[in-house]
Amino acid sequence: MSQHDPEPLTTFVVAVDGPAASGKGTIAKQLGEAFDLPVLDTGLLYRCVGMAMLQARENLDDHEAATAAAALITADQLENPDLRTRKAGEAASRVAVHPRVRGALWDFQRTFARQDGGAILDGRDIGTVIVPDAPAKLFVTARPEVRAERRWKQLKAAGERVSLKTVLADIRRRDERDGEREAAPMRPAPDATLLDTSEMSISQAADAARRIVEAARARWMSS
Ligand code: DC
């Protein structure tokens with residue numbers, strides 16, 4: 001991490017990290033409703049940068065162009081439904097390897113985290129880099145085959161024609177790129193609670209996450 005926030009965090013922040021299609025987005029949303037906290041899906045920031053690069057026909061490996069695109073991201077752009085496509089996910093993972101792109105998106109995420117009343121952020125490096133001082137941290141995982149099937153169903157429902165085999169290959173490639181990159185690789189924070197959702201329904205996973213966060217909040221309030 002190049003940035004450091006000199007102000008200590010005084011609000012209740014929940015960091016939800018994990019690989020693609022682990023269920024972290026759904027879990028973060030349900031935690032948001034349960035604890036009445038705003039949620040930021042930080043993957044959308046990288047997806048926005050990736051899409052902007054594709055639209056401008058820039059090379060995704062060009063870190064200068066990607067950093068310039070990252071500097072222009074605004075909250076209203078995150079509403080674009082095209083950001084949920086497979087193409088946007090792949091482009092996001094490619095631009096996310098550039099340290100300066102990550103640096104350009106740090107402030108947006110840290111500002112969201114510091115808002116009054118607390119917040120929930122989901123991503124890959126929230127508990128390790130963006131909010132290492134978060135009082136509650138979850139790392140949500142599931143087996144690649146389970147994640148591929150979930151993502152395939154989502155894509156199919158959204159009208160994308162793609163085979164399960166291709167989606168599994170995408171997931172494995174993304175896990176490798178997101179986990180092996182030098183800048184802020186996807187890792188559970190040492191103080192994160194691991195939640196493997198492979199054998200869980202959405203509501204079982206959300207309940208388990210809620211219990212973990214409730215316990216963290218009780219500890220935070222008494223500290
Ligand atoms: O969570 P997602 O599938 O929408 O994320 C898309 C890509 O963005 C992911 O493959 C890696 C990158 N990403 C990241 O590097 N750091 C984050 N905090 C969130 C996403």
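It should be emphasised that the depicted structure is a prediction, and the values quoted were computed from it without experimental measurement. Start at 1 and go down the list; that is how both ligands and their atoms are numbered. By convention here, the first residue in the shown sequence is residue 1. All values below were derived from every heavy atom in this structure, side-chain atoms included, with hydrogens, water molecules and symmetry-related copies excluded.
- Among residue pairs with one or both ends in residues 59-77, those qualifying as salt bridge (Lys or Arg N to Asp or Glu O under 4.0 Å) are D61-R94; sequence neighbours excluded.
- Using a 4.0 Å cut-off between heavy atoms, R177 makes no contact with ligand 1 at all.
- Distance from atom 3 (O) of ligand 1 to its nearest protein heavy atom, with residue and atom name: R174 NH1, 3.0 Å.
- Atom CG of L194 is surrounded by more than 12 heavy atoms from other residues, nucleotides or ligands within 6.0 Å.
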Show your reasoning for whether side chain to side chain contact (heavy atoms under 4.5 Å, CB included) applies to R172 and E145.
CA-CA 9 Å; R172 289 194 192 283; E145 295 76 12; 3.0 Å; yes

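- Nearest to atom 12 (C) of ligand 1 by heavy atom, out of C48, G25, A96, is A96.
- Residue R151 places no N or O, backbone or side chain, under 3.5 Å from any N or O of ligand 1.
- Contact atoms of ligand 1 toward K24: 1 (O) (distance under 4.0 Å to a heavy atom of the residue).
- Ion pairing of R147 with D175 is present here, as a side-chain N (NZ or NE/NH1/NH2) and a carboxylate O approach within less than 4.0 Å.
- Applying the side-chain hydrogen bond (donor to acceptor under 3.5 Å, both in side chains) test to pairs two or more places apart or on separate chains, none has a residue in residues 14-34.
- Here the heavy atom of the protein found nearest to atom 13 (N) of ligand 1 is Y46 CD1, 3.6 Å.
- Among the atoms of R102, some N or O lies under 3.5 angstrom from an N or O of ligand 1.
- Each of the atoms 7 (C), 10 (O) of ligand 1 lies under 4.0 Å from some heavy atom of S93.
- The proximity of R124 to ligand 1, defined as any non-hydrogen pair under 4.0 Å, involves the side chain as well as the backbone.
- Checked options L105, V95, L78; the residue passing with C48 is L78 (criterion: side chain to side chain contact (heavy atoms under 4.5 Å, CB included)).
- Between E7 and R110 no salt bridge is recorded (no basic side-chain N to carboxylate O distance below 4.0 Å).
- Every atom of ligand 1 with a heavy atom of A92 under 4.0 Å away is listed here by number and element: 6 (C), 7 (C), 8 (O).
- Under the 4.5 Å side-chain heavy-atom criterion for grouping Ile, Leu, Val, Met, Phe, Trp and Tyr, I120 is connected to V140 within one hydrophobic cluster.
- Atoms of ligand 1 lying under 4.0 Å from at least one heavy atom of R47, given by number and element, are 2 (P), 3 (O), 4 (O), 6 (C).
- With respect to atom 19 (C) of ligand 1, the closest heavy atom belonging to the protein is T42 OG1, 3.5 Å.
- Residue contacts with ligand 1 for M186 are absent, since no atom lies close enough (heavy atoms, distance under 4.0 Å).
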Where do T197 and I27 land on the side chain to side chain contact (heavy atoms under 4.5 Å, CB included) test, with the steps shown first?
CA-CA 10 Å; T197 66; I27 287 176; 4.2 Å; yes

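- Contacts with ligand 1 closer than 4.0 Å are made by side-chain heavy atoms of R181 only, the backbone lying farther away.
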